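For reference, the structure discussed in these notes is given below.
Owing to the predicted nature of the structure, the values given are computational and were not obtained by experimental measurement.
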Amino acid sequence: MSRKLLVPLLSSTLLLATSAWAEVPQVKQVPEKPVIEFKDGTKAKALFLKTIKTRFENQKMGEMHKGWLCSKSSDMVWNKKVYSIFSGKLAKAFRDELESAHFPTPVKSEAIFESSAEDDQPSEDLQVGIFIKEVNANFCVKSAETEGGVYLKIFWQVFSPQAQKVVYQATTEGTYQPGELVKTLPDDFFVNAFKAATRNLLAQQGLYDTITSTEVLKPKVADPKIVKLERIKPLDEPLAKNITSLRAAVVTVTGETGSGSGFFISKEGHLLTNYHVVGSQKFLKLKLSTGRELVGEVLRSDKTLDVALLKAEQTEVTPLAVRSTESNIGEDVFVLGSPLGEKFNTTLTKGILSGYRSFKDHRYLQSDVSILPGNSGGPLLDPRGSVLGITVAGLGAKGLAGMNFFIPIQDALEKLGIELQGDKKP
């Protein structure tokens with residue numbers, strides 16, 4: 001073979017080999033289920049996307065390739081900048097998928113002035129909230145063309161303002177990977193993956209049954225005066241011998257304005273924290289000591305005493321026992337919580353009970369045990385690990401030794417209308 005023919009042949013072979021080395025990795029492929037389409041005349045509640053949440057851990061979510069050969073340029077990191085390029089398009093994308101499947105959507109108003117006659121009445125439309133749990137994205141961008149794919153895993157909750165509760169929840173996945181260069185930028189890949197996850201939601205019989213049900217969506221009846229929970233048996237051994245179990249019952253509660261602590265008091269997933277930790281939010285992220293994350297729903301709260309009752313899904317965590325007798329001045333006490341956020345979760349500190357104090361018609365326990373703002377909502381424990389009170393960081397004389405305060409646990413239970421049933425043992 002002549003040299004003139006050999007050089008182009010070698011160049012072509014090298015180019016093909018280089019192209020093979022630079023293939024854009026595929027993301028997880030998720031099959032799509034057939035969407036349940038509404039037939040004419042079917043009555044159902046309208047859905048709209050109200051809340052979008054996620055977490056940013058600055059971890060690698062994929063690869064960004066550039067250039068004619070798509071040679072690897074850099075890792076892609078999941079952060080606020082990436083999230084911002086597509087998040088504003090999700091509400092419309094959700095509505096588009098609903099309309100395509102003939103699901104009911106809220107009627108768009110063209111009125112200049114809205115009537116205020118029904119402002120105090122809960123809307124009949126169902127609010128949808130999503131939590132983006134997992135993201136994987138790989139791209140090769142060539143000018144205005146993009147090759148690659150996006151995978152999303154989404155946790156959905158449907159909330160009824162009338163019933164004042166979550167009426168349906170599910171987790172779905174979605175993938176968009178066209179397999180060739182398309183004339184679009186990466187943000188549309190995220191939107192299309194979200195649409196795929198939405199279609200898999202609309203394929204679920206449970207969602208269809210929920211929004212067409214008349215029983216599930218009845219207006220909320222006033223809460224019973226008492227929430228009855230099974231009393232947890234106190235530990236037989238000192239706190240130090242059960243510290244792993246006790247730590248597991250304490251969680252980091254994260255809301256829009258920061259984080260605090262909370263602790264389980266029932267096997268069904270009920271937990272207590274401060275009102276100022278949850279604020280006006282209905283749902284918050286809970287992070288266990290193992291790293292597992294849950295969603296907590298605020299069932300009741302009281303701003304004056306600064307207490308709140310939340311409910312999460314049932315776990316294998318052993319709840320904390322609640323002490324039924326008053327604690328004694330001079331008794332050793334312990335605090336578990338997440339000072340300065342989840343990085344220092346389940347931190348244990350020790351002190352003594354210094355006294356009982358009153359502020360603004362409420363009683364508080366005073367102790368010299370060390371606390372920081374992230375401890376808010378965490379438990380004050382006796383030497384056997386039973387709950388004596390709830391931490392209220394920042395109350396009273398800030399910065400002075402021995403001037404940390406706690407809400408007596410019996411006062412908190414009474415204010416929230418919680419009754420513990422079973423043997424009353426210290």
Side-chain angles (χ1 to χ4, degrees), residues 36 38 43-55 87 90-99 101 103-109 118-133 152-172 194 197-224 227 253-257 262 268-271 273 275 277-286 293-301 308-314 416:
I36 300 174
F38 271 76
K43 293 182 179 181
K45 299 290 185 182
L47 295 163
F48 71 97
L49 183 59
K50 179 179 176 63
T51 304
I52 305 172
K53 294 184 180 295
T54 186
R55 61 175 181 269
S87 58
L90 298 189
K92 182 179 183 303
F94 183 72
R95 186 183 182 103
D96 289 346
E97 292 303 315
L98 291 175
E99 291 177 343
F103 272 63
T105 56
V107 176
K108 294 181 179 179
S109 174
E118 298 182 356
D119 285 351
D120 295 330
Q121 299 299 318
S123 169
E124 293 187 2
D125 298 332
L126 299 179
Q127 302 171 4
V128 177
I130 68 170
F131 185 85
I132 303 175
K133 299 182 69 174
L152 295 176
K153 184 175 184 179
I154 296 176
F155 173 68
W156 306 81
Q157 284 193 327
V158 179
F159 177 75
S160 168
Q162 282 196 317
Q164 281 293 295
K165 65 178 181 179
V166 173
V167 293
Y168 185 75
Q169 60 185 32
T171 299
T172 67
F194 172 75
T198 299
R199 291 191 291 272
N200 278 335
L201 173 71
L202 303 185
Q204 299 204 7
Q205 187 67 43
L207 177 68
Y208 180 89
D209 292 342
T210 296
I211 68 175
T212 56
S213 168
T214 56
E215 292 298 319
V216 173
L217 306 176
K218 283 183 177 178
K220 181 184 178 182
V221 178
D223 280 340
V227 176
V253 183
T254 303
E256 293 176 349
T257 58
E268 292 75 32
H270 294 87
L271 62 151
T273 186
Y275 171 87
V277 172
V278 303
S280 61
Q281 290 183 254
K282 184 67 177 176
F283 303 99
L284 298 99
K285 183 180 78 173
L286 311 176
E293 293 186 352
L294 306 173
V295 175
E297 178 185 0
V298 180
L299 299 183
R300 295 181 175 185
S301 62
L309 174 66
L310 280 66
K311 176 72 166 62
E313 65 182 85
Q314 190 170 346
L416 293 169

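- Panel note: side chain Lys282, backbone Val298; a donor-acceptor pair is recorded below 3.5 Å.
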### Task
Report the C-alpha distance between Leu207 and Leu201 in whole Å, list the side-chain angles of each, state the deciding distance to 0.1 Å, and finish with yes or no for side chain to side chain contact (heavy atoms under 4.5 Å, CB included).
CA-CA 7 Å; Leu207 177 68; Leu201 173 71; 3.8 Å; yes
### Task
Check the pair Ile36 / Leu202 against side chain to side chain contact (heavy atoms under 4.5 Å, CB included), numbers first and verdict last.
CA-CA 6 Å; Ile36 300 174; Leu202 303 185; over 6 Å; no
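- A salt bridge between Glu293 and Arg55 is present, with a side-chain N of the basic residue lying under 4.0 Å from a carboxylate O of the acidic one.
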#### Entry: From CA spacing to verdict: side chain to side chain contact (heavy atoms under 4.5 Å, CB included), Val166, Val158
CA-CA 6 Å; Val166 173; Val158 179; 5.8 Å; no
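- Note that the CG atom of Asp125 and the NZ atom of Lys45 stand 8.5 Å from one another [nearest 0.5 Å].
- Counting all heavy atoms, side chain and backbone alike, Phe103 lies closest to Leu47 at CD2-CD1, 4.3 Å.
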### Task
Could you walk me through whether Phe131 and Val295 pass the side chain to side chain contact (heavy atoms under 4.5 Å, CB included) test, one step at a time?
CA-CA 9 Å; Phe131 185 85; Val295 175; 5.5 Å; no
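- For the atom pair Ile154 CD1 and Ile132 CD1, the distance stands at 5.5 Å (nearest 0.5 Å).
- Side-chain atoms of Arg95 come within 3.5 Å of backbone atoms of Pro106 as a donor-acceptor pair (strictly under, hydrogens ignored).
- Within the 4.5 Å cutoff, side-chain heavy atoms of Thr105 are placed close to those of Glu99.
- Note that CD of Gln314 and NE2 of His270 are 10.5 Å apart. Values are rounded to the nearest 0.5 Å.
- Nearest heavy atom pair, residue Leu294 against residue Ala312, reads CD1-CB, 4.2 Å.
- Judged purely by atom type and a 3.5 angstrom limit, Thr172 uses its side chain to pair as donor or acceptor with the backbone of Ala197.
- Judged by distance alone, with hydrogens and angles left aside, the side-chain atoms of Arg300 form no donor-acceptor pair with the main-chain N or O of Leu309 at under 3.5 Å.
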### Task
Please assess Tyr208 against Phe38 for the test ring-ring contact (aromatic ring centres under 6.0 Å, His included), listing each intermediate value before the final yes or no.
CA-CA 9 Å; Tyr208 180 89; Phe38 271 76; 4.8 Å; yes
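- Between the side chains of Gln157 and Gln169, at least one donor N or O sits under 3.5 Å from an acceptor N or O.
- The minimum heavy-atom distance between Leu416 and Ala308, with the atom names listed, is CD1-C, 3.9 Å.
- Contact check for Thr273 versus Leu284: no side-chain heavy atoms found under the 4.5 Å cut-off.
- Closest of all the heavy-atom pairs between Leu310 and Val278 is CD1-CG1, 3.9 Å.
- Of all heavy-atom pairs spanning Val167 and Ser160, the tightest one is CG1-CB, 3.9 Å.
- Once rounded to the nearest 0.5 Å, the distance linking CG of Leu286 with CD of Glu297 reads 11.5 Å.
- Under the 6.0 Å cut-off for aromatic ring centres, Trp156 and Phe194 qualify, their centroids lying closer than that.
- Judged by distance alone, the side chain of Thr210 and the main-chain N or O of Tyr168 form no donor-acceptor pair under 3.5 Å.
- Taking CG from Leu152 and CD1 from Ile130, the interatomic distance works out to 8.5 Å, rounded to the nearest 0.5 Å.
- Within the 3.5 Å criterion, the main-chain N or O of Glu268 finds a donor-acceptor partner in the side chain of Lys311.
- Contact between Lys133 and Phe155 at its shortest, heavy atoms only, is CD-CB, 3.7 Å.
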